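A short write-up of the structure that comes next.
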Amino acid sequence: MDQHLVEVMTDKATVELPSTFEGAVTKILVKEGQIAKVGQALAVVGGEGEERDRGPGTVDRGPKKEEKELMTHDSRLMTKKPLASPAIRKLALEKGIDLSVIKGSGPGGRIIQEDLVHGPRSPSTLRQGSGQASSGRGTVHGPSAGPEQRQPLRGLRRKIAEHMSLSRRTAAHFTHVDEADLTDLTALRESAQATAKAKGVKLTYLPYIIKAVIEGLKKYPQMNASLDEEKQEVILKRYYNIGVAVATEEGLIVPVVKNADRLSLWDLAAEIWRLGEAARNKKIALEELKGGTFSLTNIGSIGGVMSAPIINYPEVAIMGLHQIKPRPVVKNDKIVVRQIMYISISADHRVVDGAEVAVFLKEVIQILENPKGKLS
């Protein structure tokens, strides 16, 4: 009862499902990495003495006494996946420990961190030490053209691939680029850091940018829309749910700040930070990944000059934020150094034209460049 049996990837969120019964798994009905429909049975749980299925893909989770002894003496029969949390699996991979030969001392035989102290090195680590290419993920191949490594496309990576392919096939992408002078906004944010610290809030540029974006969306509602292809109708959203892309170890996901127009600067900052931490720690709720009307992706913390982000379909547009950097510019006929950020927008040309995207971005930039009284 309550022992974790399976990890399920559902719409970009990983959920650990615990057992609601006591007993033993007598049959596994789906293979690892297989797509299962909602409501589909994943496994059969029976009593300790029931006969176990030995068919393909079956993993024996509760063998009888004589079977336990046989598995202990013949490692070739140990087909079950070691019981360990994702964090323990990641730690074992980093330390080069083979979990299949570790005896777990946690509840139900679960492998805990203390069990990894004297764990043996895995074969992949030994291969790394001998100079062969391996990351511990997938199988290393050595074809005539050179070493190769194959990784299964599954979980979050597969969901990203499916969603991005759908967006590219469906929306008519184009990208528009402009630049913003954020010198005054940089000073405004710096002056607010003492207040942010007192409130216990991490204040980035994103809350300011989201506020400016919302003002632009209100003025140009076609940017806050989606296309109903079946009915051939453009749906203008009169609510503002702003998606903020977050890079995680498994891939990029987009938590959504719901009703962002109703939040203060400080509430926005707190919610952005909360959602980001939940995403990185795999604690994000499914509802927090749905319902977005416009998305932002921040590449600035990594670097680079420019990007053309893929639309978070079925939204109409996505804004790419880049590095804020001191650059020489002409201001009042003089060359001065200002804090400049390049901004890109990828949009769906079926719904909006280039001119509309350009004037929308100009509106956002005008607010960002004159933040006092508007964003404070």
Side-chain angles (χ1 to χ4, degrees), residues 178-218 224 239-248 252-285 288-289 291-304 307 309 312 318-327 337-345 360-361 363-376:
D178 207 334
E179 64 179 19
D181 182 346
L182 300 189
T183 304
D184 291 346
L185 181 60
T186 300
L188 180 64
R189 172 177 170 266
E190 188 61 32
S191 67
Q193 289 297 350
T195 304
K197 185 176 182 180
K199 291 178 176 289
V201 174
K202 183 177 177 62
L203 183 61
T204 66
Y205 288 96
L206 278 175
Y208 295 103
I209 294 172
I210 288 176
K211 278 190 165 293
V213 164
I214 290 171
E215 292 305 309
L217 295 176
K218 289 179 178 179
N224 198 57
Y239 54 94
Y240 305 91
N241 294 345
I242 308 300
V244 180
V246 176
T248 71
L252 196 71
I253 65 175
V254 188
V256 178
V257 180
K258 301 291 178 65
N259 299 310
D261 58 314
R262 304 178 188 176
L263 301 179
S264 68
L265 182 74
W266 307 111
D267 290 338
L268 270 175
E271 183 67 357
I272 292 167
W273 182 254
R274 184 191 70 80
L275 290 171
E277 287 297 288
R280 285 184 283 270
N281 294 321
K282 300 182 181 179
K283 295 180 180 179
I284 195 79
E288 293 172 328
L289 299 172
T293 61
F294 186 93
S295 291
L296 303 174
T297 180
N298 181 17
I299 308 101
S301 58
I302 301 174
S307 67
N312 189 18
I318 183 171
M319 179 180 287
L321 307 172
H322 302 83
Q323 188 176 25
I324 301 173
K325 188 175 181 180
R327 290 186 170 93
V337 176
R338 307 287 287 181
Q339 298 293 330
I340 304 296
M341 179 175 71
Y342 297 140
I343 303 176
S344 61
I345 293 187
F360 162 76
L361 186 51
E363 178 72 16
V364 173
I365 289 174
Q366 195 275 334
I367 297 171
L368 292 175
E369 291 185 339
N370 301 276
K372 289 186 178 179
K374 298 179 181 179
L375 301 180
S376 54

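Numbers here are sequence positions counted from 1. If you're wondering where the values come from, they're calculated on a predicted model, not measured in any experiment.
Remark: I299 engages T297, S307, H322 in a side-chain contact (heavy atoms from CB on, under 4.5 Å) (not counting sequence neighbours). Remark: D261 engages I214, K218, Y240, N259 in a side-chain contact (heavy atoms from CB on, under 4.5 Å) (not counting sequence neighbours). Residues that satisfy the side-chain hydrogen bond (donor to acceptor under 3.5 Å, both in side chains) test with D184, not counting sequence neighbours, are absent from this structure. Applying the side-chain contact (heavy atoms from CB on, under 4.5 Å) test to V244 and every residue at least two apart in sequence or in another chain returns L206, I210, V257. In terms of the side-chain hydrogen bond (donor to acceptor under 3.5 Å, both in side chains) criterion, R189 has no residue partners (sequence neighbours excluded). For S264, the side-chain hydrogen bond (donor to acceptor under 3.5 Å, both in side chains) test picks out D267, with sequence neighbours left out. Checked against side-chain hydrogen bond (donor to acceptor under 3.5 Å, both in side chains), Q193 has no partners two or more places apart in sequence or in another chain. Qualifying side-chain contact (heavy atoms from CB on, under 4.5 Å) partners for E363, counting only residues two or more places apart in sequence or in other chains: K219, Y220, I367.
Shown here for P309 and S344, the closest heavy-atom pair between the two residues is CD-OG, 3.7 Å. Nearest heavy-atom pair, A192 versus Y208, reported as atom, atom and distance to 0.1 Å: CB-OH, 3.8 Å. Taking all atoms of both residues into account, the shortest heavy-atom contact from G291 to Y239 is O-CE1, 4.2 Å. Residues L203 and A269 come closest through the heavy atom pair CD1-CB, 4.2 Å. For the pair K258 and N241, the tightest heavy-atom approach, listed with the atom from each and the gap, is CA-OD1, 3.4 Å. The minimum heavy-atom distance between I343 and L321, with the atom names listed, is CG2-CD2, 4.4 Å.
Taking CD1 of I209 as the start and CD1 of I365 as the end, the distance is 10.5 Å to the nearest 0.5 Å. Here the straight-line distance linking atom CD1 of I242 with atom CG of L268 works out to 9.0 Å at 0.5 Å rounding. We find the CD1-CD distance between I324 and Q339 to be 7.5 Å, quoted to the nearest 0.5 Å. Going from atom CE of M341 over to atom CG of N298 covers 8.0 Å, rounded to the nearest 0.5 Å. To the nearest 0.5 angstrom, I253 atom CD1 is 11.5 Å from N312 atom CG.
Put simply, the side chain of R327 gets close to the backbone of I340: a donor and an acceptor are under 3.5 Å apart.
L375 places none of its side-chain heavy atoms less than 4.5 Å from the side chain of L265.
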Q: Please lay out, stage by stage, how F360 and I345 fare under the test side chain to side chain contact (heavy atoms under 4.5 Å, CB included).
A: CA-CA 10 Å; F360 162 76; I345 293 187; 3.6 Å; yes
Q: Output, in order, the C-alpha distance, side-chain angles, deciding distance and verdict of side chain to side chain contact (heavy atoms under 4.5 Å, CB included) for E215 and Q366.
A: CA-CA 11 Å; E215 292 305 309; Q366 195 275 334; over 6 Å; no
Tabulate below the donor-acceptor pairs under 3.5 Å that side-chain atoms of residues 271-279 make, not counting sequence neighbours, or state none.
from: E271; atom 1: OE1; to: R274; atom 2: NE; distance (Å): 3.0
from: E271; atom 1: OE2; to: R274; atom 2: NH2; distance (Å): 2.9
from: R274; atom 1: NH1; to: E288; atom 2: OE2; distance (Å): 3.0
from: R274; atom 1: NH2; to: E288; atom 2: OE2; distance (Å): 2.8
from: E277; atom 1: OE2; to: R280; atom 2: NE; distance (Å): 3.4
from: E277; atom 1: OE2; to: R280; atom 2: NH2; distance (Å): 3.0

